[in-house]
Amino acid sequence: MPALPQTMTAIGIAAPGGPDVLKPETRPVPQPGPGEILVAVAAAGINRPDVFQRRGGYNPPPGASDIPGLEFAGTVAARGPDATRFASGEAVCGLVAGGGYAEYAVVHESNALPVPKGLSLVEAGAVPETYFTVWSNVFQRGRLQAGESFLVHGGSSGIGTTAIQLAKAFGATVLATAGSAEKCRACRDLGADHAIDYRSEDFVAAAKAATGGSGVNLILDMVGGDYIDRNYEAAADQGRIVQIAFLNGPKASANFSRLMLKRLTHTGSTLRPRTVAEKAAIAAELHEKVWPLLEAGRCKPQVHATFPLAEAAQAHRLMESSTHIGKIVLTV
Ligand SMILES: NC(=O)c1ccc[n+]([C@@H]2O[C@H](COP(=O)([O-])OP(=O)(O)OC[C@H]3O[C@@H](n4cnc5c(N)ncnc54)[C@H](OP(=O)(O)O)[C@@H]3O)[C@@H](O)[C@H]2O)c1
């Protein structure tokens with residue numbers, strides 16, 4: 001292995017603000033602690049939470065790097081004490097609470113996974129954040145079963161494109177909402193049985209029509225706002241609604257009697273502040289149940305665009321334009 005440099009290029013957030021506050025900086029190469037590996041990053045996925053962090057509204061949890069970036073793929077450059085799972089030079093992808101937009105990043109070995117066979121490092125760098133999020137919210141919290149109906153809002157997002165493919169692969173009937181005909185087409189191409197252009201169609205009526213009037217069994221929602229009441233209406237008896245974000249706001253007026261009358265469950269979660277052990281448990285299930293699907297080509301990260309690390313601001317501009325379908329990735 002070549003000797004490690006002392007310093008690296010990373011993207012810092014100069015001050016909360018627009019995309020231009022993302023600037024390349026020289027930082028010390030991080031040192032892997034017990035159980036951790038240092039990864040020479042080849043690709044770092046961008047996620048909407050990075051945009052909220054850049055604007056100053058989503059600070060890293062205590063102990064996490066202030067460098068943005070929740071996921072990456074690359075090769076193992078060094079191993080900390082007791083880190084034995086991966087060999088030096090092995091290709092891995094990792095989930096972190098910060099630090100991905102950099103030439104080197106550390107991750108606990110239990111929160112890293114081998115790059116699925118057949119995936120490039122760029123594709124693998126677009127996997128962890130959405131796959132961990134979808135697995136924990138759709139399959140663990142939401143308990144999606146084969147034969148059930150599943151509705152994901154924001155179907156063309158990084159999260160949505162992952163949720164459509166995994167729900168379909170596990171035998172659900174999949175409905176997705178998206179904001180244009182082109183995005184709806186992309187959702188159908190990924191396996192959605194019904195794609196609803198929410199700008200021209202009422203998603204509640206469309207979801208009822210697609211389920212023979214009974215409503216959907218599970219809804220994954222990132223929109224919130226007035227969708228809260230409308231999700232209660234679109235849900236089937238004993239339906240589950242899992243909240244992962246509130247793009248249209250966390251406050252709403254809703255008719256809660258439907259919770260009672262339909263025996264609904266409304267829950268939610270965030271991934272980033274969860275412990276290494278909790279993330280390791282999600283990683284283990286993904287490795288067992290989802291990695292074989294990735295390796296068989298039955299699901300695949302949808303990389304819409306790549307940008308060199310130094311052009312992180314440009315990549316954030318694209319994300320905020322919401323014209324992308326799938327993932328945006330920084331290459332190192
Ligand atoms: N809870 C968790 O653990 C967790 C983890 C990761 C991500 N998330 C959340 O999941 C969401 C998706 O993340 P991502 O990285 O996949 O995002 P993304 O690729 O940027 O996609 C977001 C999409 O949501 C749609 N959208 C609907 N209402 C919107 C609004 N008011 N503002 C902006 N976009 C809106 C847009 O498509 P249309 O054209 O269809 O409107 C947009 O393309 C984000 O809100 C993120 O914070 C939560």
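Small disclaimer: the values here were computed from a predicted structure and weren't measured. When a ligand or atom number is given, it counts from 1 through the structure's own listing order.
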Pair Ser136, Arg274 - check side chain to side chain contact (heavy atoms under 4.5 Å, CB included), show working. CA-CA 11 Å; Ser136 66; Arg274 292 169 78 180; 3.8 Å; yes

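The side-chain hydrogen bond (donor to acceptor under 3.5 Å, both in side chains) pairs that include a residue from residues 207-219 are Ser149-Asn217, where partners are two or more places apart or lie in different chains. Sorted by first then second residue, the ring pair (Phe, Tyr, Trp, His ring centres under 6.0 Å) pairs that include residues 41-74, not counting sequence neighbours, number zero. Residue pairs meeting the ring pair (Phe, Tyr, Trp, His ring centres under 6.0 Å) criterion with at least one member in residues 145-200, sequence neighbours excluded, are Trp135-Phe170, Phe139-Phe170, His153-Phe203, His153-Tyr227.
With hydrogens and angles left out, the side-chain atoms of Ser321 and Thr323 include a donor and acceptor closer than 3.5 Å. With 3.5 Å as the limit, one finds a donor-acceptor pair spanning the side chains of Glu285 and Gln140.
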N/O contact list for ligand 1, threshold under 3.5 Å:
{"residue": "ligand 1", "atom": "1 (N)", "partner": "Ile244", "partner atom": "O", "Å": "2.9"}
{"residue": "ligand 1", "atom": "1 (N)", "partner": "Ser269", "partner atom": "O", "Å": "2.8"}
{"residue": "ligand 1", "atom": "3 (O)", "partner": "Leu271", "partner atom": "N", "Å": "2.9"}
{"residue": "ligand 1", "atom": "15 (O)", "partner": "Arg48", "partner atom": "N", "Å": "2.9"}
{"residue": "ligand 1", "atom": "16 (O)", "partner": "Gly158", "partner atom": "N", "Å": "3.0"}
{"residue": "ligand 1", "atom": "16 (O)", "partner": "Ile159", "partner atom": "N", "Å": "2.8"}
{"residue": "ligand 1", "atom": "19 (O)", "partner": "Gly158", "partner atom": "N", "Å": "3.0"}
{"residue": "ligand 1", "atom": "19 (O)", "partner": "His324", "partner atom": "NE2", "Å": "2.8"}
{"residue": "ligand 1", "atom": "20 (O)", "partner": "Arg48", "partner atom": "NE", "Å": "2.7"}
{"residue": "ligand 1", "atom": "20 (O)", "partner": "Arg48", "partner atom": "NH2", "Å": "2.9"}
{"residue": "ligand 1", "atom": "20 (O)", "partner": "His324", "partner atom": "NE2", "Å": "3.3"}
{"residue": "ligand 1", "atom": "31 (N)", "partner": "Leu247", "partner atom": "O", "Å": "3.4"}
{"residue": "ligand 1", "atom": "31 (N)", "partner": "Asn248", "partner atom": "OD1", "Å": "2.6"}
{"residue": "ligand 1", "atom": "37 (O)", "partner": "Lys183", "partner atom": "NZ", "Å": "3.3"}
{"residue": "ligand 1", "atom": "39 (O)", "partner": "Lys183", "partner atom": "NZ", "Å": "2.6"}
{"residue": "ligand 1", "atom": "40 (O)", "partner": "Gly179", "partner atom": "N", "Å": "2.8"}
{"residue": "ligand 1", "atom": "41 (O)", "partner": "Tyr198", "partner atom": "OH", "Å": "2.5"}

